Amino acid sequence: MTRTQAETVLIARCGKLLTACGIDGATLNGTNASLTDPLAWAMRQSGYSPAAFGSVTDADLAGVAVDDSDKLLDLAEFRALENGLGNFDATDISVGPRSESYDQIRAGIEKILDRKQARITKLYGVGIGTLEAGVIAYDFMAKATDTLT
């Protein structure tokens with residue numbers, strides 16, 4: 001997978017919403033700065049590390065196993081939408097008979113994030129704690145070497 005391919009998928013999935021949130025939801029030539037953090041975060045969550053913290057290159061993405069590419073893209077989409085929601089600052093406007101309800105965009109993105117979180121948890125187990133079993137042994141039994149008083 002190349003950076004341009006990853007950006008193309010992410011823009012196809014959520015580009016319009018990112019644009020509505022005021023961040024770059026159109027550039028897909030491998031240099032979209034708005035998708036660097038989501039891709040880097042998704043790589044770290046998938047067990048990979050980009051060479052540099054502030055960039056994700058073709059070489060970084062080439063190291064991602066084919067089996068992990070769907071997980072990486074789903075996680076990157078989730079993070080991109082979270083970033084978009086954090087950047088969203090439009091408010092509802094009413095002037096005379098005209099009104100614009102921007103809060104519907106916010107509510108829509110929140111619903112998408114909830115569905116995406118449920119899907120990620122279901123498919124990849126991300127967000128689910130691991131279970132470990134153990135045994136605690138107490139040595140209370142009297143032994144022949146113990147003295148009774």
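All figures in this text were calculated on a predicted structure; none of them were measured in a lab. Computed from heavy atoms alone, side chains included, the values below leave out hydrogens, waters and symmetry copies.
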Query raised in the report: Going through the distances and angles, do L85 and E82 end up as a side-chain contact (heavy atoms from CB on, under 4.5 Å)?
Result: CA-CA 5 Å; L85 193 59; E82 275 189 330; 5.8 Å; no
Query raised in the report: Are L75 and Y124 side-chain neighbours, meaning at least one heavy-atom pair lies under 4.5 Å?
Result: no
Query raised in the report: Are R79 and E77 within salt-bridge range, i.e. N to O under 4.0 Å?
Result: no
Query raised in the report: When rounded to the nearest 0.5 angstrom, what is the spacing between OG1 in T121 and NZ in K116?
Result: 11.5 Å
Query - Value rounded to 0.5 Å, distance of CG in D58 from CD in Q5 - result: 8.0 Å
**Report entry** Heavy-atom closest pair, residues P38 and A76
**Finding:** CB-O, 3.3 Å
Report summary line: Looking only at heavy atoms, the pair that brings A40 and F53 closest together is CB-O, 4.4 Å
Report summary line: Interatomic distance, NZ@K122 vs CD1@I120, rounded to 0.5 Å, equals 13.5 Å
Query raised in the report: Any idea which heavy atoms bring G25 and T19 closest together, and the distance?
Result: CA-OG1, 3.4 Å
Query raised in the report: Do you know the tightest heavy-atom contact between P50 and S55?
Result: CB-O, 3.5 Å
Query raised in the report: Is any side-chain N of the basic residue among D74 and R13 closer than 4.0 Å to the acidic one's carboxylate O?
Result: yes
Requested in this report: Any chance you could pull the hydrophobic cluster mates of I23, using side-chain heavy atoms under 4.5 angstrom and chaining through other members?
Outcome: M1, V9, L10, I11, L18, L28, L35, L39, M43, Y48, V56, L61, V64, L72, L73
**Report entry** Any side-chain heavy-atom pair of T8 and T4 under 4.5 Å
**Finding:** yes
Query raised in the report: Backbone N or O of D24 within a donor-acceptor pair of the S34 side chain at under 3.5 Å?
Result: yes
Requested in this report: Without swapping roles, check the side chain of Q117 against the backbone of D114 for a donor-acceptor pair under 3.5 Å.
Outcome: no
Requested in this report: Answer yes or no: is there a donor N or O on one side and an acceptor on the other, between the side chain of N87 and the main chain of C21, under 3.5 Å?
Outcome: yes
Query raised in the report: Can you list the steps and then say if K71 with L123 is a side-chain contact (heavy atoms from CB on, under 4.5 Å)?
Result: CA-CA 8 Å; K71 177 181 179 181; L123 291 177; over 6 Å; no
Query - Rounded distance [0.5 Å steps], CZ in F88 versus CG in L81 - result: 12.5 Å
Query raised in the report: Between R3 and E7, is the closest basic N to carboxylate O distance under 4.0 Å?
Result: yes
Report task. For the pair R106 and D103, find out whether any cationic side-chain nitrogen is under 4.0 Å from an anionic carboxylate oxygen. Result -> yes
